[in-house]
Enquirer: 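Structure provided below as structure tokens; questions to follow.
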Amino acid sequence: MPVDFKEISKRWQKKWSDSKAFEADASDRPKFFITTPYPYVNGLLHMGHTYTYVRVDALARFKRMCGFNVLFPFAFHATGSPIDTAARKVAEGEPGQINALKLMGFKDSEIEKFKDPLHWVKTFSQEAKKDLSAYGMSIDWRRSFLTTDLNPFYDKFIRWQFNTLRAEGRIGQGEHPVVWCPKEDGPVGDHARSEGEGEVPEEWVIVKFKAGDLILPCATKRPETLFGVTNIWINPDLEYVRVRVDGEVWVLAKQAVSKLGNQKHAVDVLGSIGPDELLSLEAENPLTGSKVPVLSAGFVNAEKGTGVVMSVPAHAPFDFAALLRSKAGISPIQVIDVPGRSKPLTLELVKESSGDADLEKLTRKVYLEEEKSGVMSKIAGKYSELPVSKARDEIVADLDCAIPFYELSGPVVCRCLTPCVVRVVDDQWFLKYSDFEWKQEAAKALESCKLYPEKLRDQFLHVIDWLKDWACTREFGLGTDLPWDEKWKIESLSDSTIYPAFYTIAHLIEGLPEDKVTDKLFDFIFKDGSLPEGVDRSIAEDMRTEFSYWYPVDVRNSGKDLVQNHLTFYLFNHTAIFDEKYWPRGISVNGHVLINGEKMSKSKGNFKTLRDVVGEFSADVVRLSVLSLGEDANDVDWHDEVASSMHSKLNAWYDFAVENYASEHIQSEALRAVDRWMEHKLHECIRDSRTAMDEMLFRTAIQRGFFDLQRHLKWYLKRSSGKPSRSVLNKVIEAQTLILAPFAPHLCEEIWFKLEREGFISAALYPVHDESKINPALESSERLISQVIDDVHQVMRLAKVEKPNRIQLLVAPDWKGELCRRAEKLIRQTRNAGEIIKALIPDFKEHSKEVSALISKWVKDPSKLPENAAHEEAELKDLNDAREFFKGVFGCIVEVIPARESEHPKARNAMPSKPAIVVE
RNA sequence: GCGGAGGUAGCGAAGUGGUCAAACGUGCCAGGUUUAGGCCCUGGUGGCUUAGUGCCUUCGCAGGUUCGAAUCCUGCCCUCCGCACCA
């Protein structure tokens with residue numbers, strides 16, 4: 001019967017909600033607290049969320065079924081600039097943005113409202129809540145909240161967090177390069193760019209060459225090549241100026257002056273300087289002291305650097321090409337050796353006639369090669385033998401006249417269509433993640449943290465090690481004001497590190513008047529401070545109880561892209577703020593969702609929202625499908641066909657369970673071997689799926705606990721010829737339904753109800769395996785029988801027999817079994833066939849020829865040796881017992897005969913557990 | 001470039017020194033039932049073989065260690081995640 005999954009889903013969701021099934025409060029039961037990063041609410045939840053969140057929900061449901069008091073809360077993130085920017089775009093009538101909203105199904109009249117960022121936040125958090133409920137998430141919604149100052153309580157919590165961090169010395173202020181729009185006079189994030197997404201400030205160095213009283217500032221990314229400078233390039237077509245920079249007089253291209261101004265240099269243009277004068281200068285290499293001439297070259301451009309270029313012809317294709325053209329008769333100076341190369345790549349490949357595009361390519365090639373395998377040559381004095389990147393760092397550190405300079409990695413254009421520049425701001429606030437001691441604390445927190453999967457650990461360690469100070473404030477966007485400097489908003493990754501603690505009190509704190517919510521109150525709740533005056537004691541104490549009961553978080557699960565930032569920040573901040581007993585207990589990571597092997601993207605047209613798939617396939621089917629497709633940090637590849645097939649499987653299980661369950665009392669009955677085999681398999685499946693669930697290996701759990709169990713059940717039904725044991729069948733039906741419940745909770749509730757079981761299956765206990773029922777010895781008979789069926793099929797196929805009249809199974813004589821068992825032992829000791837044969841022949845005199853043939857075969861390929869060879873008598877019994885079954889399978893008489901009694905030439909082929917087969 | 005994870009059948013993916021031609025899922029082929037069904041059942045799905053339960057070849061590429069390697073070692077190629085003020 002077709003099951004109406006959607007109707008079932010709605011009905012049970014309502015029952016759960018009406019009975020507050022997932023609302024959890026502090027108690028004396030063991031607790032399990034699981035969280036996942038809240039989504040940013042600038043759109044609908046999509047396929048990626050279906051995976052991450054169902055992993056959390058499946059674990060929550062499983063732990064609940066293991067008797068834990070489980071808290072699974074959920075909230076919404078509004079902090080940051082994208083929503084702000086999007087709202088502004090709507091206000092400006094930007095067609096792309098408006099279209100995006102239309103595609104989400106909003107009517108023209110509604111779109112108007114999206115001019116207000118608050119409307120985005122409210123709309124999409126509500127939509128997400130609807131979608132998640134329809135997806136069957138077992139969330140305690142009482143504890144849900146929004147971030148930013150839209151929510152005064154969360155806002156105060158974040159202020160407390162930052163005041164605490166500051167008091168602990170975790171926050172500093174300093175210089176920082178940012179991408180800057182000169183017109184808007186502010187930083188420009190990726191979201192606010194019309195061009196240049198992903199471009200960042202790159203670190204260059206300005207090396208100051210002295211030329212009399214003047215300074216020629218050469219901007220370079222490769223200061224280690226200073227030893228090879230043969231001349232300075234300027235472009236006579238550019239306009240050059242003298243500029244007073246930090247008290248010195250520099251010469252540079254006019255366009256470059258503002259760059260310096262933006263990078264914390266005091267600049268004052270003194271006047272222009274002509275090419276003739278420039279070309280007459282002689283510059284002093286600050287590293288070597290040698291004097292080099294200034295020459296002209298057309299490739300010098302003022303967009304990059306200063307318009308003054310140091311020329312290293314041996315290692316820079318543009319320089320060498322220009323030098324060839326200049327006919328100056330200067331020879332390149334080699335600074336870097338590459339093993340296996342007698343002459344620098346540049347000198348080998350560059351011709352006078354090389355075009356700009358070729359030179360561009362070559363530059364990249366040279367850079368990569370020399371960066372990777374180059375070492376400094378002898379000429380580099382104390383730096384010789386060093387790898388180039390190391391030499392670079394040391395040279396810059398040693399040279400007073402080398403100063404940092406930033407250049408964009410590529411052109412960036414602001415949303416206001418103004419080209420952007422790099423600006424060094426000096427009042428940026430940082431979280432001091434570079435602090436060695438803080439790193440050590442984070443590493444310690446990691447140590448006591450269970451990771452799912454464990455192989456994440458190396459990456460976390462690297463991130464902790466390499467993490468630098470994090471700029472934690474922004475000048476615009478939504479969020480919480482930095483408490484002591486309200487020009488700044490706290491940046492979005494920084495206001496979402498310890499908020500799982502807020503879940504523990506979110507539903508209670510709203511009962512207090514806002515003005516009573518102070519830092520002191522948070523100290524009381526989270527840090528055992530004293531109760532501030534005028535605060536309702538019972539609420540405050542409840543909050544403290546909730547926090548100390550639920551904390552720490554037992555598992556936090558997210559997509560793998562958050563390891564490198566959010567999850568690591570999460571560790572850092574917990575160590576800074578909370579007592580060690582509250583540090584995270586577990587972190588779990590999952591891969592991304594691909595659709596038909598491709599990354600999901602709106603432009604590819606394969607973008608699916610959560611509500612799309614749930615609408616198409618139903619919650620249970622999506623949940624089970626997406627979890628069955630992958631685990632670990634691997635990506636899962638969504639295919640609709642998988643979901644269709646999962647739909648059928650679930651439907652079939654519903655029918656089977658409801659039709660075959662005997663809810664009346666079952667009389668005890670004697671169990672046959674096949675019944676005990678079924679119990680054995682059932683308990684194996686229970687054991688394996690339970691273990692997998694605990695490790696969040698849901699695909700394994702589904703395979704062991706669903707696919708495998710179903711296969712075994714099918715075999716059991718066949719083997720028991722339509723007369724399965726009622727009690728065994730009942731146990732299978734109960735266990736299978738319970739095992740499926742964390743994945744397909746709605747359907748399983750419905751089955752549970754139809755089985756006339758009390759209460760929610762969500763609150764029932766997950767099956768526990770009974771070790772005494774597990775007995776691998778029970779498997780040999782069934783394995784023999786299924787193997788025989790396979791072999792007979794193969795014989796029939798090869799012999800082109802479609803409908804056999806008679807099948808004979810000729811069972812190997814006991815001496816062969818004995819031979820196998822003894823050979824097995826000997827073959828472990830030696831690979832010498834002769835030795836083994838010699839040892840065995842005396843006991844198998846009558847079969848000496850066969851023995852030597854078999855032994856040499858087995859020595860050559862031990863996998864051919866039957867393991868745990870059956871005894872003739874047992875094999876005859878197993879096969880005889882299955883005769884009726886075989887008859888049903890093949891539709892003909894099946895005879896079981898000892899091979900030694902058969903005249904048939906095939907009889908000799910019989911081996912233990914592999915009877916000879918005669919098909920007629 | 002740097003750090004991390006990977007490359008096994010059409011696809012997804014088990015398997016980490018011999019029992020693995022490779023579980024399980026999906027797809028595909030053939031047959032049955034049904035003959036509206038995204039239902040169900042049976043067999044097959046690397047190549048060769050076709051009275052026979054066998055043989056051969058594969059686990060990104062190239063070498064090496066071993067009686068024996070998808071599994072260990074070396075080099076190379078490719079894919080994915082992240083690389084910061086962005087959620």
Side-chain angles (χ1 to χ4, degrees), chain A residues 2 37 39-40 42 77 79-83 176 178-179 187 189-191 197-198 200 367-368 371-372 389 428 430 453 455-456 458-463 465-474 491-494 496 559-566 591-592 594 596-597 599 625 628-649 651-652 699-700 702-704 706-708 711 714 787-788 790-802 830-832 859-868 889 905-906 909 911 914-919:
Chain A
Y40 187 67
N42 63 340
H77 200 200
T79 310
S81 56
I83 288 175
H176 188 67
V178 294
V179 179
D190 266 350
H191 295 277
E197 198 173 320
V200 291
Y367 178 79
L368 285 179
E371 186 71 14
K372 196 176 162 194
S389 59
Q428 174 61 261
F430 292 92
K455 66 185 168 198
L456 284 173
D458 275 353
Q459 196 180 355
F460 268 113
L461 283 170
H462 275 104
V463 176
D465 193 27
W466 286 109
L467 206 58
K468 299 186 186 123
D469 289 345
W470 180 266
C472 60
T473 53
R474 296 221 47 174
E491 166 277 335
S492 74
L493 282 175
S494 302
S496 53
K560 62 180 171 187
D561 47 325
L562 296 192
V563 170
Q564 292 88 343
N565 45 52
H566 165 73
H592 298 157
L594 307 175
N596 297 316
K599 243 185 186 171
S625 301
S628 77
L629 287 166
E631 61 192 9
D632 262 23
N634 296 329
D635 292 347
V636 304
D637 191 1
W638 173 269
H639 286 87
D640 286 353
E641 304 86 64
V642 174
S644 300
S645 135
M646 211 57 92
H647 178 99
S648 312
K649 284 184 207 298
N651 200 336
R699 188 193 46 203
T700 303
I702 289 168
Q703 189 175 122
R704 296 277 110 74
F706 186 40
F707 298 148
D708 287 354
R711 209 156 29 87
K714 214 175 259 181
Q787 189 60 50
V788 165
D790 283 353
D791 288 346
V792 171
H793 275 302
Q794 187 174 351
V795 170
M796 283 166 57
R797 198 167 57 253
L798 289 166
K800 294 195 168 130
V801 176
E802 287 207 4
T830 173
R831 296 285 153 162
N832 185 328
V859 167
K860 228 171 91 188
D861 183 357
S863 71
K864 298 286 184 295
L865 204 169
E867 267 214 343
N868 301 318
V889 171
K906 297 284 163 211
N909 293 347
M911 288 301 294
K914 208 135 181 101
I917 294 162
V918 178
V919 176

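Naming: A, B, ... by sequence-line order, numbering from 1 per chain.
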Enquirer: Which whole-number value in Å describes the distance from D637(A) CG to G27(B) P?
Expert: 14 Å
Enquirer: Measure from the side-chain N and O atoms of Y40(A) to the backbone N and O of S492(A), and report whether any donor-acceptor pair falls under 3.5 Å.
Expert: no
Enquirer: Using atom C1' of each nucleotide, how far apart are C11(B) and G27(B) to the nearest Å?
Expert: 7 Å
Enquirer: Is there a side-chain contact between I917(A) and K906(A), using heavy atoms and a 4.5 Å cut-off?
Expert: no
Enquirer: Using atom C1' of each nucleotide, how far apart are U34(B) and C40(B) to the nearest Å?
Expert: 9 Å
Enquirer: Look through every strand shown and name the nucleotide pairing with C40(B) as Watson-Crick or G-U wobble, where both distances are under 3.5 Å.
Expert: G32(B)
Enquirer: Using modelled atom types only, decide if a donor and an acceptor are shared between the side chain of E631(A) and the backbone of T700(A) within a distance under 3.5 Å.
Expert: yes
Enquirer: Report the C-alpha distance between D790(A) and Q794(A) in whole Å, list the side-chain angles of each, state the deciding distance to 0.1 Å, and finish with yes or no for side chain to side chain donor-acceptor pair (under 3.5 Å).
Expert: CA-CA 6 Å; D790(A) 283 353; Q794(A) 187 174 351; over 6 Å; no
Enquirer: Between D637(A) and N596(A) (side chain of the first, backbone of the second, donor and acceptor by atom type, cut-off under 3.5 Å), is there such a pair?
Expert: yes
Enquirer: Would you mind telling me which of C81(B), G54(B), U26(B) lies closest to the side-chain atoms of D561(A)?
Expert: C81(B)
Enquirer: Going by heavy atoms in the side chains, are F430(A) and K468(A) under 4.5 Å from each other?
Expert: no
Enquirer: Could you tell me how far apart D635(A) (CG) and G82(B) (C1') are, to the nearest whole angstrom?
Expert: 13 Å
Enquirer: Can you name the nearest heavy-atom pair linking S628(A) to R699(A), along with the distance?
Expert: O-CG, 3.1 Å
Enquirer: Please check the phosphate of G12(B) (OP1 and OP2 only) for any side-chain N or O of R699(A) closer than 4.0 Å.
Expert: no
Enquirer: Rounding to the closest angstrom, what is the interatomic distance between U71(B) and U8(B) at atom P?
Expert: 14 Å
Enquirer: Which heavy atom of K560(A) sits nearest to which heavy atom of A633(A), and what is that distance?
Expert: NZ-O, 3.4 Å
Enquirer: So H592(A), base contact, sugar-phosphate only, or nothing? Heavy-atom distance under 4.0 Å.
Expert: sugar-phosphate
Enquirer: Can you see if the side chain of S628(A) gets near the phosphate of C24(B) - specifically, an N or O under 4.0 Å from OP1 or OP2?
Expert: no
Enquirer: Without decimals, in angstroms, what is the distance between R711(A) CZ and U26(B) P?
Expert: 12 Å
Enquirer: A84(B) P sits how many Å from Q564(A) CD, rounded?
Expert: 11 Å
Enquirer: 5'-most contact on RNA chain B: F707(A) or Q794(A), nearest heavy atom basis?
Expert: F707(A)
Enquirer: Check W638(A) against S625(A) and note the closest heavy-atom contact, atom names and distance.
Expert: CZ3-CB, 3.7 Å
Enquirer: Would you confirm whether H566(A), through its side chain, and L562(A), through its main-chain N or O, come within 3.5 Å as a donor-acceptor pair?
Expert: no
Enquirer: Taking atom P in both C61(B) and A9(B), what distance in whole Å separates the two?
Expert: 10 Å
Enquirer: Please report the shortest heavy-atom distance between L493(A) and E491(A), naming the atom on each side.
Expert: N-OE2, 2.9 Å
Enquirer: With heavy-atom distances below 4.5 Å as the criterion, would you say the side chains of L594(A) and V636(A) are in contact?
Expert: no
Enquirer: Would G27(B) be called syn or anti here, given the cut-off of 90° from 0?
Expert: anti
Enquirer: Could you check how far CH2 of W638(A) sits from C1' of A13(B), rounded to whole Å?
Expert: 17 Å
Enquirer: Considering non-hydrogen atoms only, spot the tightest contact between M796(A) and V919(A) and give its length.
Expert: CG-CG1, 4.1 Å
Enquirer: Write down the distance separating the C1' atoms in A70(B) and A14(B), rounded off to the nearest Å.
Expert: 12 Å
Enquirer: Name the pairing partner of C72(B), where a pair is Watson-Crick or G-U wobble with both distances under 3.5 Å, or state none.
Expert: G64(B)
Enquirer: Take atom P in A69(B) and the same atom in G18(B), then report the distance between them in whole Å.
Expert: 12 Å
Enquirer: Between A22(B) and U16(B), how many Å separate the two C1' atoms, rounded to a whole number?
Expert: 14 Å
Enquirer: Taking 4.0 angstrom as the limit, do K599(A) and D635(A) come out as a salt bridge?
Expert: no
Enquirer: Does C48(B) have a Watson-Crick or wobble partner in any strand here, with both distances under 3.5 angstrom, and which is it?
Expert: G54(B)
Enquirer: Describe the nucleic acid contact of V889(A) in one word from base, sugar-phosphate, nothing, applying a heavy-atom distance below 4.0 Å.
Expert: nothing
Enquirer: Return the pairing partner of A23(B) with a 3.5 Å limit on both distances, Watson-Crick or G-U wobble; otherwise return none.
Expert: none
Enquirer: Mind calculating the distance between CE (M796(A)) and P (G43(B)) to the nearest angstrom?
Expert: 11 Å
Enquirer: Could you identify the nucleotide paired to A87(B), looking across every strand shown and requiring Watson-Crick or G-U wobble geometry with both distances under 3.5 Å?
Expert: none
Enquirer: Could you go through nucleotides 15-21 of chain B and list every protein N or O atom that sits under 3.5 Å from one of its N or O atoms, giving the distance for each pair?
Expert:
{"from": "G18(B)", "atom 1": "N1", "to": "R831(A)", "atom 2": "NH2", "distance (Å)": "3.2"}
{"from": "U19(B)", "atom 1": "O2", "to": "E867(A)", "atom 2": "OE1", "distance (Å)": "2.8"}
{"from": "U19(B)", "atom 1": "O2", "to": "E867(A)", "atom 2": "OE2", "distance (Å)": "3.4"}

Enquirer: Checking all strands, does Q703(A) fall into the base, sugar-phosphate, or nothing category for heavy-atom contacts under 4.0 angstrom?
Expert: base
Enquirer: Pick out the pairs of N or O atoms, protein on one side and nucleotides 33-42 of chain B on the other, that lie under 3.5 Å.
Expert:
{"from": "C41(B)", "atom 1": "OP1", "to": "K714(A)", "atom 2": "NZ", "distance (Å)": "3.0"}

Enquirer: P atom, A23(B) versus G46(B): distance in rounded Å?
Expert: 10 Å
Enquirer: Heavy atoms only, 4.0 Å cut-off, all strands: where does L629(A) land among base, sugar-phosphate and nothing?
Expert: sugar-phosphate
Enquirer: Could you give the CH2-to-C1' distance, from W470(A) to C83(B), as a whole number of Å?
Expert: 10 Å
Enquirer: Check every strand shown and say whether S494(A) touches a base, only sugar-phosphate, or nothing at a heavy-atom separation below 4.0 Å.
Expert: nothing
Enquirer: Can you pull every protein N or O that's under 3.5 Å from an N or O on nucleotides 4-8 of chain B?
Expert:
{"from": "G4(B)", "atom 1": "O2'", "to": "Q459(A)", "atom 2": "OE1", "distance (Å)": "3.1"}
{"from": "G6(B)", "atom 1": "OP1", "to": "K455(A)", "atom 2": "NZ", "distance (Å)": "3.0"}

Enquirer: Could you state the CZ-P distance from R704(A) to G25(B), rounded to the nearest angstrom?
Expert: 11 Å
Enquirer: Side chain of K599(A): nearest nucleotide among C24(B), C81(B), U26(B)?
Expert: C81(B)
Enquirer: Please pick, from C24(B), A87(B), G52(B), the nucleotide with the shortest atom-to-atom distance to any side-chain atom of K906(A).
Expert: G52(B)
Enquirer: Search all heavy atoms of V463(A) against all heavy atoms of Q564(A) and return the closest pair with its distance.
Expert: CG1-O, 3.7 Å
Enquirer: If A5(B) has a Watson-Crick or G-U wobble mate with both distances under 3.5 Å, name it; if not, just say none.
Expert: U79(B)
